[in-house]
Amino acid sequence: MIKKAEGILSKIFGYHSFRPLQKEVIENIISKNDTLVIMPTGGGKSLTYQIPALIFDGITVVVSPLISLMKDQVEQLSELGVNALFLNSSLSQLDYQFNVEQVRSGNVKLLYVAPETLMLERTLELLEKLDVDCITIDEAHCISEWGHDFRPVYREIATLKPRFPNAVFMALTATATPQVQNDIIENLKFKKSNRFVASFNRDNLFLQVVEKTFPVKQTLNFLEKHKNQSGIIYCFSRKQVDDLTAELDEHGYSVKPYHAGLSDKERMQNQEKFIKDDISIIVATVAFGMGINKPNVRFVIHYDLPKNIESYYQEIGRAGRDGLRADCLLLFGYGDISKINYFIDQKEGREKLVAKQHLDKLIRYAETYACRRIPLLTYFGEDYYQENCGICDNCNKGVQTLDNISVEAQKFMSCVKRTGEIFGANHIVDVLLGSKNQKVIEKKHDEISTYGIGKEHSREVWLSISRQLIVKGLLTKDFEFGSLKITDRGYEVLKGGVDVKGKIDTETKFESKSITTLNYDKKLFGVLQQARKNIADNSGLPPYAIFPDKTLIEMAAYYPTTDKEMINIHGVGDAKLQKYGAKFILFISNYCNKFNIPVSSKNILSNRNRNGSPTKKLKYEIIGKEYNSGKSVDSILSEYNLKLDTLIAHLSKYGNLVSPINPKGLLNRLECDEKTQKQVYKSFQKLGAELMRPVYDDLKETVSYIDLRILRLNYLFQNKN
Ligand code: ADP
Ligand code: ZN
């Protein structure tokens with residue numbers, strides 16, 4: 001049976017391998033076991049019922065609350081040559097009747113229905129006359145009162161089980177909390193063993209948090225590196241949405257706003273333009289995103305703080321559904337926190353407490369020095385442990401080194417004190433820089449001892465330092481007036497003897513990374529994108545319903561010019577080959593002729609058989625294998641042009657995921673003495689060996705991270721044996 005599923009995956013969908021858990025879920029459904037599937041957005045839930053639907057003889061009914069999604073799914077399935085239809089209140093009476101007749105004829109494989117439509121007696125009577133093999137409940141968290149989107153009609157679906165004894169029931173959701181999961185299982189009377197929970201790690205999302213200093217400039221810098229890419233920018237307020245839209249528009253970006261203040265029509269138009277790639281950027285409040293299925297959203301920027309980790313996760317989850325790299329940038333403003341705190345303080349009791357906890361977790365996520373995936377996935381109860389995820393800002397920074405900013409802290413705080421603790425950061429910085437502005441002169445602050453003692457740094461650096469002092473609790477800022485005051489801890493620093501660590505540079509760099517490791521012809525990609533857009537517009541479909549980006553990328557890398565080569569491309573199944581193959585082959589051949597691209601560049605393609613992906617070894621696997629085969633550390637370092645800490649990171653990962661590493665060959669690299677090493681092991685025992693930072697702090701920052709990592713490898717190795 002699973003062979004059949006694999007065949008459909010490649011023949012109909014044009015994909016070469018299953019995503020995690022897809023296969024298991026499909027097997028379970030085909031065996032007619034009621035199943036609950038928890039997968040993050042973009043995890044590939046749809047295939048888990050679509051493939052069984054194509055294997056079953058009868059019909060699969062999919063209950064979905066989102067009308068726009070139903071339409072989207074049906075369009076995409078029709079493009080794949082699958083007979084799918086929907087029934088909901090958006091259809092005209094004529095179309096509705098037409099669809100009902102189609103269903104009655106027994107030729108429809110997948111029927112999408114709104115829950116209200118399903119529960120109508122006439123719908124049920126219609127379905128009872130057919131052979132219903134599967135009833136899929138999408139967005140199943142709507143069943144639960146604990147969910148964020150409870151719908152009473154969803155609870156009635158369970159009552160249908162006796163009426164459709166031959167149907168397997170399936171519930172799908174991206175909401176992870178155990179409470180909601182249990183609620184669904186109890187309501188639908190599923191067996192606990194038939195629950196499949198996928199990892200919530202979306203390993204194609206690059207997570208980045210940057211201190212919000214000059215947000216417009218920061219956004220423009222980021223966009224500069226993501227030219228012509230599709231993305232969402234979330235803002236807190238409607239006004240902010242409008243202002244930023246205007247700003248970006250002025251800078252030549254194709255952008256539209258989306259918020260509750262716009263008319264329904266305008267909102268729909270802007271959303272449609274975004275989906276159809278007529279514009280690349282949508283600036284929106286959190287009202288935007290439900291029911292958006294666009295797979296090639298390449299970035300999500302949070303211009304303001306999200307409400308909590310859960311909303312943040314949901315919002316960034318809209319990026320990169322196609323599995324290609326996407327970038328998530330959070331502009332983290334301490335000013336935003338005071339604002340939120342101000343609102344929280346208006347609340348009372350439990351509500352206030354919960355809001356505070358949510359905010360706290362968000363701050364912890366933003367301020368972590370370790371991998372961002374740790375606080376994020378821990379939040380969802382997942383036990384995430386990996387040395388280096390390779391796809392968040394912290395893991396890409398390597399070891400964070402902090403500057404000693406004690407002198408700066410003292411200068412700043414004594415200036416706060418000398419001016420009477422009644423001024424805001426800007427005025428303090430004016431004094432430190434020796435400004436001659438009116439306020440400084442008027443207050444006679446050019447006569448105090450801290451006047452002009454901070455000329456070694458720019459205004460931006462000083463403002464950043466002032467924010468860091470607030471975060472560290474050395475200064476407090478009056479929310480209403482913005483004036484700075486020194487805390488008790490601040491006074492201790494001012495007296496001397498306590499070191500302050502922080503960052504002196506304020507530069508934030510936004511690297512532009514390729515969205516895939518595949519080396520492809522960017523120019524050809526552009527040509528194919530345009531071709532896709534023309535076809536899409538002519539048929540009134542979104543471009544991704546013709547082909548996903550990944551398909552065009554593979555075409556632009558392998559230059560397929562025959563049907564046989566084309567069918568090997570990701571996302572090209574039989575139906576798509578027939579419909580669009582010739583058109584795209586023509587574009588590619590013309591392009592190859594024009595630029596004299598030799599046939600030999602296609603070679604790689606013939607290596608891929610239809611059911612398997614090309615074998616790609618990951619770096620850590622290669623390095624780990626080399627090391628374990630006895631190659632010396634020096635020769636690996638020079639052969640692969642690695643730094644020692646990168647080598648160690650690879651080895652740790654290999655040790656965790658593949659097979660144990662004997663760190664003997666590394667021990668001679670240690671710089672600390674034996675006594676210190678013993679202390680480090682003690683510290684591991686006390687604090688655990690998962691995170692380096694606590695151990696680093698525990699040893700008063702005297703042992704380097706490289707040493708700590710080597711010692712940890714040894715510690716884990718010894719413990720294992
Ligand atoms: P979800 O409903 O879980 O948010 P979807 O079912 O919409 O996710 O899948 C997200 C995207 O990933 C879709 O574009 C889908 O076609 C694609 N996809 C799903 N499974 C696979 C697979 N095995 N290989 C390649 N792409 C896949
Ligand atoms: Zn990371």
Side-chain angles (χ1 to χ4, degrees), residues 5-6 8-10 12-26 37-51 62 64 66 69-70 72-73 75-77 79-80 82 136 138-140 172-176 196 198-209 289-297 314 317-324 326 328 365 368-377 384-398 400 542-551 554 569-573 576 611-613 649 653 691:
E6 276 166 356
I8 292 174
L9 179 73
S10 109
I12 310 274
F13 293 91
Y15 298 150
H16 303 284
S17 56
F18 283 115
R19 296 229 179 113
L21 289 188
Q22 279 181 332
K23 198 164 149 178
E24 290 80 350
V25 172
I26 291 171
V37 182
I38 317 278
M39 262 187 204
T41 312
K45 286 187 282 300
S46 321
L47 276 193
T48 62
Y49 62 83
Q50 288 168 350
I51 289 184
V62 185
S64 165
L66 299 163
L69 263 182
M70 279 190 231
D72 194 77
Q73 293 272 8
E75 277 173 0
Q76 291 198 50
L77 286 168
E79 278 300 298
L80 295 169
V82 174
T136 296
D138 203 4
E139 312 287 342
L172 306 160
T173 173
T175 301
F196 293 83
S199 165
F200 272 65
N201 184 20
R202 298 276 313 278
D203 60 7
N204 60 321
L205 299 185
F206 188 94
L207 306 175
Q208 183 178 22
V209 182
M290 267 298 256
I292 299 287
N293 207 3
K294 188 173 160 61
N296 63 334
V297 174
Q314 206 170 54
R318 295 182 181 131
R321 294 175 78 137
D322 54 11
L324 298 172
C328 308
Y365 167 77
T368 182
Y369 292 111
C371 176
R372 302 242 176 248
R373 292 191 151 67
I374 296 172
L376 196 61
L377 294 169
Y384 182 83
Y385 166 63
Q386 214 176 84
E387 171 77 10
N388 186 313
C389 81
I391 184 149
C392 79
D393 49 0
N394 287 341
C395 288
N396 270 256
K397 241 179 256 169
Q400 282 246 16
Y544 60 77
I546 310 294
F547 280 133
D549 282 4
K550 194 163 172 201
T551 305
E554 287 204 356
I569 297 286
H570 168 99
V572 183
K576 296 258 172 113
N611 290 325
S613 43
K653 196 159 170 185
L691 292 179

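Numbers for residues simply follow the sequence, beginning at 1. In listed order, ligands and their atoms are each counted from 1.
Minimum heavy-atom separation, Tyr365 to Pro375: CD1-CG, 3.9 Å. Between Arg372 and Leu207, the shortest heavy-atom contact is CB-CD1, 4.0 Å. Taking all atoms of both residues into account, the shortest heavy-atom contact from Leu69 to Glu139 is CD1-OE2, 4.2 Å. What you find for Asn201 and Ser199 is that their closest heavy atoms are N-OG, 2.9 Å.
To the nearest 10 degrees, the Zn ion (ligand 2) sees SG of Cys395 and SG of Cys389 at an angle of 110°.
Which parts of ligand 1 touch Thr41 is read off a 4.0 Å heavy-atom cut-off, strictly below it: atoms 4 (O). Shown in contact with Phe18 at under 4.0 Å from a heavy atom are these atoms of ligand 1, numbered in order with element: 23 (N). Taking every non-hydrogen atom of Leu47 and a distance limit under 4.0 Å, the qualifying atoms of ligand 1 come out as 19 (C), 20 (N), 21 (C).
The protein heavy-atom contact nearest to atom 1 (P) of ligand 1 is Gly42 N, 3.5 Å. Closest protein heavy atom to atom 8 (O) of ligand 1: Gly44 N, 3.2 Å. The protein heavy atom nearest to atom 6 (O) of ligand 1 is Ser46 OG, 2.6 Å. Closest to atom 20 (N) of ligand 1 among all protein heavy atoms lies Gln22 NE2, 2.9 Å. Looking from atom 11 (C) of ligand 1 to the surrounding protein, the closest heavy atom is Arg321 O, 3.3 Å.
Not a single heavy atom of Met39 lies less than 4.0 angstrom from ligand 1. Within the structure, ligand 1 lacks Asp322 among the residues with a heavy atom less than 4.0 angstrom away. Judged by the shortest distance from any of its heavy atoms, Gly43 lies inside the 4.0 Å radius around the atoms of ligand 1. Residue contacts with ligand 1: Gly323 is excluded, as none of its non-hydrogen atoms falls under 4.0 Å.
Residue contacts with ligand 1 for Pro40 involve N, CA, C or O but no side-chain atom from C-beta outward (heavy atoms, distance under 4.0 Å). If you look at Tyr15 next to ligand 1, the close heavy atoms, those under 4.0 Å, all belong to the side chain. Contact annotation: for His570 versus ligand 1, heavy atoms closer than 4.0 Å belong to the side chain alone. Under 4.0 angstrom from ligand 1, the non-hydrogen atoms of Ser17 all belong to its backbone.
Residues Thr173 and Met39 fail the side-chain proximity criterion, which asks for heavy atoms closer than 4.5 Å.
Side-chain atoms of Asp72 and Asn293 form a donor-acceptor pair, as typed in the model, at a separation below 3.5 Å.
Looking at Leu324, Asp322, Ile569 one by one, the single match for side-chain contact (heavy atoms from CB on, under 4.5 Å) with Lys550 turns out to be Leu324.
From Phe206, atom CZ reaches atom CG of Asn396 across 4.5 Å, with rounding to the nearest 0.5 Å. In this structure, Gln22 CD and Ser46 OG are separated by 9.0 Å, a value rounded to the nearest 0.5 Å. Rounding to the nearest 0.5 angstrom, the gap separating the CG atom in Asp203 from the CZ atom in Arg373 is 7.0 Å. A distance of 10.0 Å separates NZ in Lys23 from CD1 in Ile26, rounded to the nearest 0.5 Å.
Proximity of atom 13 (C) of ligand 1 to the protein is not indicated, since no non-hydrogen protein atom lies closer than 4.0 angstrom.
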